[in-house]
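The block underneath contains the structure these notes are about, expressed in structure tokens.
Heavy atoms only: backbone and side chains are in, while hydrogens, waters and symmetry mates are out. Chain naming here is simple, since letters A, B, ... match the order of the sequence lines and numbering starts at 1 in each.
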Amino acid sequence: MEQTEGRPHYHPEQEEMPFAVVLGEPLATPPTDLYIPPDALEVFLDAFEGPLDLLLYLIRRQNLNILDIPIAEITDQYVQYIEMMNELRLELAAEYLVMAAMLAEIKSRMLLPKPVTEEEEGDDPRAELIRRLQEYERYKQAAEDLDGLQHMTRDTFQVHAELVDRHVEAREPDVVLREVLLALQDVLHRADMFTSHRVEKEALSVREKMSYVLQRVNAGEFIRFTDLFVISEGRLGLVVTFLAILELLKEALLELVQAEDFAPIHVKAKLS
Amino acid sequence: MPDEDRLKQIVEAALLAAGRPLALDQLQALFEVREQPEKKQLREALAMLSEAYQGRGIEVAEVGSGFRIQVRAEFTPWVSKLWAERPPKYSRALLETLALIAYRQPITRGEIEDIRGVSVSTNIVKTLTEREWVRVVGHRDVPGKPALYVTTKEFLDYFNLKGLNELPTLAEIRDLDSINRELELVDPETESQPKPASHESE
Amino acid sequence: MPDEDRLKQIVEAALLAAGRPLALDQLQALFEVREQPEKKQLREALAMLSEAYQGRGIEVAEVGSGFRIQVRAEFTPWVSKLWAERPPKYSRALLETLALIAYRQPITRGEIEDIRGVSVSTNIVKTLTEREWVRVVGHRDVPGKPALYVTTKEFLDYFNLKGLNELPTLAEIRDLDSINRELELVDPETESQPKPASHESE
């Protein structure tokens, strides 16, 4: 993201961007002789997110491949920056000093004549540093990518329409059938009804039909017995209806009336 | 000046983003001075917007402090649920009563009490009746003329049953395992009951 | 069940009234149980809505915690004039820390510091936590029990992401072997160096 406003955000690849502003004068690049006006140093340091960031800058500024750092040169530059900041008594995070020490060590190892023999041979002291630089750089990039995503309240906004007359209605409890059945199981345990002869496969459709018949035969009115049967329900349906009527008779909820032999049977509710 | 279409889009975006009524001069102020639309043009844009909202969930309204976009009143019943409180739970006693009415209907309150071994509060019966899950189908012709309760079509609808015979038989309720199996067969829907909107867990 | 048109209107009204993203089950919960639409139908309604918003000031977006209606980015220059204050800018330190948590979660503060080569200020962690972009998901079982940070749905919402897999791809990193090959070297061991935290690329 080439976001430039109001941020001490340093972009190595964008040389024309003021690198620092000193006494009102924009400073496009840090002087190559490393001279930085003291006032700018603090700004300069602020622009970096730690020693890895500073090192990356030193490398990128010279268009160098990260995998091929001229360690001596970079170390010298780095150490000079650090010393200068030390002299100016700028508060310097300890990490910068640790890095300086590490660089100095790598440099000294690089300067040593390569041992002719054994294991030491394969060991480039720069490898670990390179790995860390790469690792840091990818997240530095990821942070910029993140900033480049659409931000809420910066690039887009959640919208909202008014709900006039909004009333919070009390919700009715939700019930899962399972809860009802578990409750029933409890009752059954308590009532010890499992042995009841009423426990039959057909029981529920008969019960349902009983309710249906009761609703049909509203109190007081006679209704033809045959009208209670729904032919389209088929043989099983007829049987269930018949059982329901018998059950209702047994429970004294229905009354059957036949005026004479072979006359139509009428049904009356014994409800009140 | 942005063209008509663009003006309409900007006005829409601004009214919806603001979340409060905007007066015409507040709308004007969104534009650079030299491309500022006249109030007449803004009114036209608002009228176009209003027309575009025909048959939609929202509408443009002019209120004291300007214009705003609001939910059409007819959708309030659904939208209000966004702020609904978490529903209370029914008591065990209520669920037992409901189950007994479902399985033993038509049944009187006294019969329920006989089976449960405790009295059934008037409140429970009232709640179940108000919820339209049970109703009185008549009165048993015995002293006291107790009401006979049955379950309703709403009861079946709520629990997603075609008929009472889709309920597990009493024999099957004997052990929990069979309930679970039965429920997977009969009732895959009701397990995922609506969660109240405002209480999403992480 | 409400018909297609009505479903679309209700979804629109709800998303606009909510002023926050709504997940599909939150939308389902707006309906009575027996008229609840299926998620598939809701998705269809959302797609229709999205289409209806072509050439309009707003759009439907799917983000971490659901669907929301938002201003089309092209209208931001006008809409942002509604607010006097400018949107917050985030420091590089904060963004780098956030990026590390997003890409490497769950991660401890120490691990972030190892990669960034600099300490992470308490303020940054506090800001990220207060914005609800990151949260502690547990503690690593090592001395000091450092907190493990992960990103949240709110993080996804803020950055307009449906999920972490929509994050920009992380730059390639060459592993030590290939670095060493480049350097014409064989052995990657560097025992004389300060041991870095073990953060090989995944």
Practice task
Give a yes or no on whether the backbone of Ala47(A) and the side-chain of Arg92(C) come within a donor-acceptor separation of less than 3.5 Å.
Solution key: yes

Handout entry: Any Arg20(C) side-chain heavy atom under 4.5 Å of His160(A) side chain
Key = no

Fill in the blank from the handout: So CD of Glu49(A) and OG of Ser91(C): to nearest 0.5 Å the spacing works out to 6.5 Å

Fill in the blank from the handout: Distance col, row Asn160(C):CG vs Met152(A):CE, nearest 0.5 angstrom, shows 6.0 Å

Exercise for the section: Under the side-chain contact (heavy atoms from CB on, under 4.5 Å) rule, what do Trp83(C) and Phe157(A) come out as? Steps first, then yes or no, please. Expected result: CA-CA 12 Å; Trp83(C) 297 280; Phe157(A) 305 88; 3.4 Å; yes

Handout entry: Lys140(A) and Glu96(C) ion-paired at < 4.0 Å
Key = no

Exercise for the section: Measure the CD-CZ distance between Glu135(A) and Arg116(C) for me, rounded to the nearest 0.5 Å. Expected result: 13.5 Å

Practice task
Answer yes or no: is there a donor N or O on one side and an acceptor on the other, between the side chain of Thr156(A) and the main chain of Val71(C), under 3.5 Å?
Solution key: yes

Practice task
Compare every heavy atom of Leu170(C) with every heavy atom of Ala142(A), then report the nearest pair and how far apart it is.
Solution key: CB-CD1, 3.7 Å

Exercise for the section: Check step by step if side-chain contact (heavy atoms from CB on, under 4.5 Å) holds for Leu146(A) and Phe155(C). Expected result: CA-CA 11 Å; Leu146(A) 206 55; Phe155(C) 162 79; 4.1 Å; yes

Handout entry: Taking every non-hydrogen atom, the tightest pair across Ile69(C) and Gln158(A)
Key = O-NE2, 3.6 Å

Fill in the blank from the handout: From the list Leu167(C), Ile58(C), Val79(C), the residue making the most non-hydrogen contacts under 4.5 Å with chain A is Val79(C)

Exercise for the section: Check the surroundings of atom CD in Gln54(C): do more than 12 heavy atoms from other residues, nucleotides or ligands lie under 6.0 Å from it? Expected result: yes

Handout entry: Proximal component of Pro77(C), with respect to chain A [non-hydrogen, under 4.5 Å]
Key = neither

Problem - Spatial distance of atom CD (Gln141(A)) from atom OG1 (Thr169(C)) [nearest 0.5 Å] - result: 11.0 Å

Handout entry: Distance-only polar pair, side chains of Arg104(C) and Tyr139(A), donor-acceptor under 3.5 Å
Key = yes

Practice task
Could you pull out the closest heavy-atom pair between Pro88(C) and Thr153(A), with the gap in Å?
Solution key: CD-OG1, 4.4 Å

Handout entry: Which portion of Ser119(C) sits near chain A, non-hydrogen atoms under 4.5 angstrom
Key = both

Problem - Side-chain ion pair, Lys89(C) and Asp147(A), N-O less than 4.0 Å - result: no

Handout entry: Contacts of type salt bridge (Lys or Arg N to Asp or Glu O under 4.0 Å), residue Glu73(A), not counting sequence neighbours
Key = none

Problem - Tyr158(C)/His151(A) under side-chain contact (heavy atoms from CB on, under 4.5 Å): CA gap, chis, key distance, verdict - result: CA-CA 6 Å; Tyr158(C) 184 88; His151(A) 288 222; 3.2 Å; yes

Problem - Whether Arg138(A) side chain and Ala171(C) backbone form a donor-acceptor pair below 3.5 Å - result: yes

